[in-house]
Peer 1: 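Encoded as structure tokens, here's the structure I'll be asking about.
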Amino acid sequence: MDRRFEFSVIFEDFSIFIPAAIETIKISFASIILGVLIGFIIALLKLSKYKIINIPASIYIGLIRGTPILVQLLILYYGLTNFIRLDPFPSAVIAFGVHNGAYIAEIFRGAILSIDHGQREAARSLGMTKDQAFKRVVFPQALKRAVPPLGNQFIIAIKDSSLASAIAIRELLMQARQLGSSTFNTLEYLIIAAIYYLIITLSLSFVVKKVEKRLAVSDRGRH
């Protein structure tokens, strides 16, 4: 059956997607926050000189990065029902948070290792303890270097949130598919979902750029 593309659907039904967009933002940002916490801890564990600590961290990163995020989500939601039954929203946040944590751990680890070791030694020579040197000298600089790749990872996390539709969360993609199946305007609704994703990712990119510029200005002010 031939069907004409209807531009009017995009304009008339655009606002219907607002609750789904809010759900997408909630899942994305909750999983990003969880991913940052996990990533920072795993990065520190992997930097440990003790193998009993850094080997499990390396296994976690390799395991998570080597398997699809959709499989991880389905295992958590459907595969663990004999042990624990989670609702769709916390399942998505945990699965995406754990997944993002593996990538963010590598971002933090790379940023920390990029700081010249001489700065640690200089801080220690000024009387700082090892922990103080890390908190006051190494970590602030590493965090600035981590901002651009973290921004990229956050944008990937927002796009990955569309996979939450696989466990029946009413986010943007699920909204588009349900409306499309009932009205046959599938393409129009997918375009609406794509526009919302674009608005969210561009907004986040703008914020990350602002943070980068602010950090660059603060660096120049010190020289």
Side-chain angles (χ1 to χ4, degrees), residues 24-66 69 72 92-161 199-223:
T24 293
I25 291 171
K26 285 165 58 181
I27 293 171
S28 300
F29 281 83
S31 64
I32 285 171
I33 291 171
L34 180 60
V36 169
L37 292 174
I38 293 174
F40 181 66
I41 293 170
I42 295 297
L44 294 181
L45 296 179
K46 193 170 181 183
L47 287 170
S48 170
K49 61 182 179 182
Y50 301 108
K51 288 186 178 179
I52 195 172
I53 295 176
N54 65 45
I55 287 178
S58 298
I59 292 173
Y60 160 76
I61 292 172
L63 186 65
I64 296 298
R65 295 180 66 177
I69 185 172
Q72 296 162 14
V93 170
I94 293 171
F96 296 155
V98 169
H99 183 84
N100 290 322
Y103 288 88
I104 292 173
E106 288 297 78
I107 292 172
F108 277 134
R109 189 177 71 89
I112 291 171
L113 290 176
S114 71
I115 304 302
D116 186 6
H117 190 70
Q119 295 195 36
R120 296 172 188 261
E121 295 177 347
R124 296 295 300 274
S125 68
L126 292 174
M128 293 186 193
T129 64
K130 193 175 180 179
D131 287 344
Q132 288 173 332
F134 179 79
K135 291 176 184 175
R136 298 178 185 178
V137 178
V138 176
F139 182 68
Q141 296 182 74
L143 186 59
K144 291 178 182 178
R145 294 185 183 183
V147 167
L150 281 176
N152 291 333
Q153 186 60 39
F154 294 167
I155 288 171
I156 292 171
I158 290 172
K159 290 186 285 189
D160 283 347
S161 69
I199 292 172
I200 296 169
T201 55
L202 288 178
S203 300
L204 182 58
S205 297
F206 177 78
V207 172
V208 171
K209 290 290 182 188
K210 283 288 185 185
V211 172
E212 287 182 42
K213 285 184 179 179
R214 179 67 63 88
L215 293 175
V217 169
S218 66
D219 274 349
R220 287 197 294 271
R222 293 182 178 181
H223 296 298

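When a residue number appears, it is its place in the shown sequence, counting from 1. As the structure is a prediction and not an experimental result, all values here were calculated from the model. The basis for the numbers below is simple: all heavy atoms, side chains too, and nothing from hydrogens, waters or symmetry mates.
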Peer 1: Under a 4.5 Å cut-off applied to non-hydrogen side-chain atoms, are Phe154 and Val207 in contact?
Peer 2: no
Peer 1: Output yes when a side-chain donor or acceptor of Tyr103 lies under 3.5 Å from a complementary backbone atom of Gly39, and no otherwise.
Peer 2: no
Peer 1: Please name the pair of heavy atoms, one in Gly101 and one in Ile38, separated by the smallest distance, quoted to 0.1 Å.
Peer 2: CA-CG2, 4.1 Å
Peer 1: If you round to the nearest 0.5 Å, how far is CD1 of Ile32 from CG of Leu204?
Peer 2: 6.0 Å
Peer 1: Look up atom NE2 in His99 and atom CD in Gln72, then write down how far apart they are to the nearest 0.5 Å.
Peer 2: 5.5 Å
Peer 1: Distance check, rounded to the nearest 0.5 Å: Thr129 atom OG1 versus Arg124 atom CZ?
Peer 2: 7.0 Å
Peer 1: Sequence neighbours excluded, which residues qualify as side-chain hydrogen bond (donor to acceptor under 3.5 Å, both in side chains) partners of Ser114?
Peer 2: Arg145
Peer 1: Might you point out which heavy atoms bring Asp160 and Phe96 nearest each other, and give the distance in Å?
Peer 2: O-CZ, 3.8 Å
Peer 1: Taking atom CG of Leu143 and atom CD1 of Ile112, what is their separation to the nearest 0.5 Å?
Peer 2: 9.5 Å
Peer 1: Give me the atom names and distance for the closest heavy-atom approach of Asn54 to Lys49.
Peer 2: ND2-C, 4.1 Å
Peer 1: Rounded to the nearest 0.5 Å, what's the gap from CD1 on Ile52 to CG on Leu45? Could you check?
Peer 2: 12.0 Å
Peer 1: Measure the shortest side-chain to side-chain distance between Val36 and Ile33 over non-hydrogen atoms and say whether it is less than 4.5 angstrom.
Peer 2: no
Peer 1: Any side-chain heavy atom of Leu47 within less than 4.5 Å of one from Leu113?
Peer 2: yes
Peer 1: Is it true that a side-chain atom of Glu106 and a backbone atom of Ala102 form a donor plus acceptor pair closer than 3.5 Å?
Peer 2: no
Peer 1: Under the 3.5 angstrom rule, does the side chain of Glu212 hit a backbone N or O of Val147 as a donor-acceptor pair?
Peer 2: no
Peer 1: Return the set of residues passing side-chain hydrogen bond (donor to acceptor under 3.5 Å, both in side chains) with Glu121 (not counting sequence neighbours), or none when no residue passes.
Peer 2: none
Peer 1: Once the angle between the rings of Phe108 and Phe139 is folded into 0 to 90°, is it parallel (under 30°), tilted (30 to 60°) or perpendicular (over 60°)?
Peer 2: tilted
Peer 1: Distance from Ile158 atom CD1 to Thr24 atom OG1, nearest 0.5 Å?
Peer 2: 9.5 Å
Peer 1: Taking all non-hydrogen atoms of both residues into account, name the closest pair between Ala133 and Ala123 and its distance.
Peer 2: CB-CB, 3.8 Å
Peer 1: Hey, could you give me each pair passing side chain to side chain donor-acceptor pair (under 3.5 Å) that has a residue in residues 146-155? Not counting sequence neighbours.
Peer 2: Asn100-Gln153
Peer 1: Grab the two heavy atoms, one from Gly127 and one from Gln132, that are nearest each other, plus how far apart they are.
Peer 2: O-OE1, 4.3 Å
Peer 1: Given side chains that start at C-beta, do those of Val137 and Met128 come closer than 4.5 Å, heavy atoms only?
Peer 2: yes
Peer 1: For residues Leu34 and Gly97, report the shortest heavy-atom separation together with the two atoms involved.
Peer 2: CD2-CA, 3.9 Å
